[in-house]
Amino acid sequence: MAREMRAASYSEFGGRDKVTVGTMELPELKEGEVLVKIKAAGVNPVDTVIREGYYKDMMPHLMPVIPGWDMAGVVEERGHAARRFEVGDEVYGYARRPEVKWGTFAEYIVIPESYLALRPRTLSWEETAGIPLAGLTAYQSLYVAGNLQAGQSVLIIGASGGVGSFGIQLAKARGAEVLGVASERNHAYMREIGADHTIDYKDQHIGEAAKKIYPEGVDLIFDCTSGESLQQSLVALKPGGTLVSILNQGQDLDPSINFRFVFVEPHATQLYALRELAEAGKLKVHVSKTYSLDEAPEALEQVYTLHTTGKMVVVP
């Protein structure tokens with residue numbers, strides 16, 4: 001007999017009115033997969049981008065789609081050869097599959113165990129669920145694409161958002177100096193989590209302000225917002241420095257810039273690294289708001305404003 005769960009889903013692309021909450025059948029548990037009872041699911045701007053249909057030509061979608069790619073929960077069942085975790089283990093993961101279909105705004109998810117890691121036990125479920133997508137994005141952008149080293153300087157554009165917040169903390173954990181760019185109201189928050197310097201993008205030219213702090217320029221620019229803020233910042237990149245963006249794919253950039261575009265990938269080993277940092281007190285998660293599953297459409301609208309400080313979470 002098929003098992004059912006409550007989930008938010010949509011059957012066509014569009015606005016918040018396309019998202020409904022109801023009952024769906026759980027998929028069959030296959031080889032190498034585990035069934036996880038979701039305790040909390042992180043909300044990310046990309047969830048709304050997907051819902052609007054902007055990625056429909058980039059990756060296949062199977063309707064109805066359950067939104068959400070972040071999760072933390074408990075392993076309840078294991079498929080054939082899925083033995084990395086025991087039933088009852090508390091895990092977390094970034095659940096983006098090659099096909100957009102089974103997301104995390106639901107009571108359960110069936111997912112390959114290779115996507116998961118044991119969760120940080122020092123954090124709440126809500127805090128844990130806020131890590132995977134944004135934490136891995138910052139990790140892959142700064143440590144892998146940006147090859148950030150101790151003693152270097154990094155300018156982070158959009159540093160108070162989900163990805164930027166992790167960017168500040170990961171850069172500090174690596175021993176780098178951080179210049180965070182965000183509105184004035186978020187400067188105290190950015191300093192609290194480790195930023196050495198802050199710039200208000202509304203009141204000053206970002207690049208010129210950055211050059212006053214780092215006359216020779218910064219070693220790395222980590223772009224989490226793109227647009228005018230990125231264009232202003234380029235003058236602050238030192239010769240031979242690196243630009244990493246999670247939005248701009250480089251079409252409008254000077255080809256001489258050492259540029260990397262990052263579209264985050266699931267990576268269990270890196271999740272364990274993030275877990276170690278969290279348990280060592282070097283990675284904190286600011287959960288600004290929690291939503292129920294029935295409020296998932298509202299959460300998707302709020303995150304798309306791009307004015308969230310830290311993370312928002314859905315709790316099924």
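In this structure, W125 and G73 approach most closely via the heavy-atom pair CZ3-N, 3.4 Å. Taking each heavy atom of S141 and I246 in turn, the nearest pair found is OG-CG2, 3.7 Å. Across all their heavy atoms, Q231 and D252 have their closest contact at NE2-OD2, 3.5 Å. Closest of all the heavy-atom pairs between L142 and A171 is CD1-N, 4.0 Å.
Every residue two or more places apart in sequence or in another chain that forms a salt bridge (Lys or Arg N to Asp or Glu O under 4.0 Å) with R119 is listed here: E90. Not counting sequence neighbours, the partners of K37 by the side-chain contact (heavy atoms from CB on, under 4.5 Å) test are E76, E107, Y108. In this structure D294 satisfies the salt bridge (Lys or Arg N to Asp or Glu O under 4.0 Å) test together with R6, sequence neighbours excluded. Residues satisfying the salt bridge (Lys or Arg N to Asp or Glu O under 4.0 Å) criterion with D89, sequence neighbours excluded, are absent altogether. With sequence neighbours left out, E86 forms a salt bridge (Lys or Arg N to Asp or Glu O under 4.0 Å) with R78.
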Using the salt bridge (charged side-chain N to carboxylate O under 4.0 Å, His left out) rule, take R191 and D196 through it: C-alpha gap first, then chi angles, then the decisive distance, then the call.
-> CA-CA 7 Å; R191 289 183 179 276; D196 299 285; over 6 Å; no

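Between K18 and E52 no salt bridge is recorded (no basic side-chain N to carboxylate O distance below 4.0 Å). Salt bridge status for R84 with E113: absent, with no side-chain N to carboxylate O gap under 4.0 Å. A salt bridge does not link E127 to K39: none of the charged side-chain nitrogens sits closer than 4.0 Å to a carboxylate oxygen.
Residue-environment remark: CD (E216) stays at or below the threshold of 12 foreign heavy atoms within 6.0 Å.
A donor-acceptor contact shorter than 3.5 Å is absent between the side chain of N44 and the backbone of V46.
Using a 30° and 60° split on the angle between ring planes, F263 and F261 fall in the parallel class, below 30°.
The ring pair (Phe, Tyr, Trp, His ring centres under 6.0 Å) analysis of residues 207-251, with sequence neighbours excluded, yields the pairs H197-Y214.
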